[in-house]
Amino acid sequence: MTAEQVVQQRGLWLEELDETALYRHSPGRTIGEADNTLFSTLTMNPQALHLDAAFSGTQEFGERLVNSLLTLSVLVGLSVGHLTQGTLVANLGFREVAFPAPVFIGDTLYGETKVLSKRLSASRPGQGVVAFHHTARNQNGDIVATVVRDSLVRCRP
């Protein structure tokens, strides 16, 4: 009797990350009212632009804005199953964060990632440093967030 092949979802080892590829992550994530309210209140952010529909209706965008840190969190989260599930050691930092367009309740976010650079760690054998450039687009294709995330990733065992 032979053992069945086991296929387990995982991210990519350092050696598998391709600096010439564009990684498109799916599925997308629609941001609901409860998502925005819960995230804002859990993170102690009482900003009326996120929580008060009547107030927000009188402001520049005419409706509530999704908390930008929720947008950033969803963007990074969209990439996890595709790129770093089980292969990430730690996030080292986030830089060059930008929100070029607003996100509204009911918008769907889609993520894509490019590997800007990767190198073996000088101090951590079997691991490497990767710079990911993540981009979030809404359902219309508009870029709503970008970030560079520096991460420590495992090499192939």
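No hydrogens, no waters, no symmetry mates; every other heavy atom, side chains included, goes into these values.
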Inset, instruction - Using a strict 4.0 Å threshold on nitrogen-to-oxygen distance, state whether Asp142 and Arg137 make a salt bridge. - result: no
Inset, instruction - Kindly determine whether Arg149 and Ser79 satisfy side chain to side chain contact (heavy atoms under 4.5 Å, CB included), including the steps that lead there. - result: CA-CA 11 Å; Arg149 174 173 65 132; Ser79 75; 3.5 Å; yes
Legend entry - Within-4.5 Å side-chain heavy-atom neighbours: Val147 and Phe132: no
Inset, instruction - Report yes or no: do Phe39 and Leu75 belong to one cluster of Ile/Leu/Val/Met/Phe/Trp/Tyr joined by side chain heavy-atom distances under 4.5 Å? - result: yes
Inset, instruction - Using a cut-off of 6.0 Å, state whether more than 12 heavy atoms not belonging to Arg24 lie near its atom CZ. - result: no
Legend entry - Side-chain heavy atoms of Leu116 within contact of Val148, under 4.5 Å: yes
Legend entry - Residues Lys118, Glu15: salt bridge by 4.0 Å N-O rule: no
Legend entry - Set of residues satisfying side chain to side chain donor-acceptor pair (under 3.5 Å) with respect to Glu63, sequence neighbours excluded: none
Legend entry - Short side-chain donor-acceptor distance under 3.5 Å, Asn36 and Arg64: no
Inset, instruction - For Thr71, enumerate each residue passing the side chain to side chain donor-acceptor pair (under 3.5 Å) test, keeping only those at least two apart in sequence or located in another chain. - result: none
Inset, instruction - State, without any angle test, whether Asp18 and Thr20 hold a side-chain donor-acceptor pair at a distance under 3.5 Å. - result: yes
Inset, instruction - State, without any angle test, whether Thr113 and His134 hold a side-chain donor-acceptor pair at a distance under 3.5 Å. - result: yes
Inset, instruction - Please check if any side-chain donor atom of Asn67 sits under 3.5 Å from a side-chain acceptor atom of Ser40, or the reverse. - result: yes
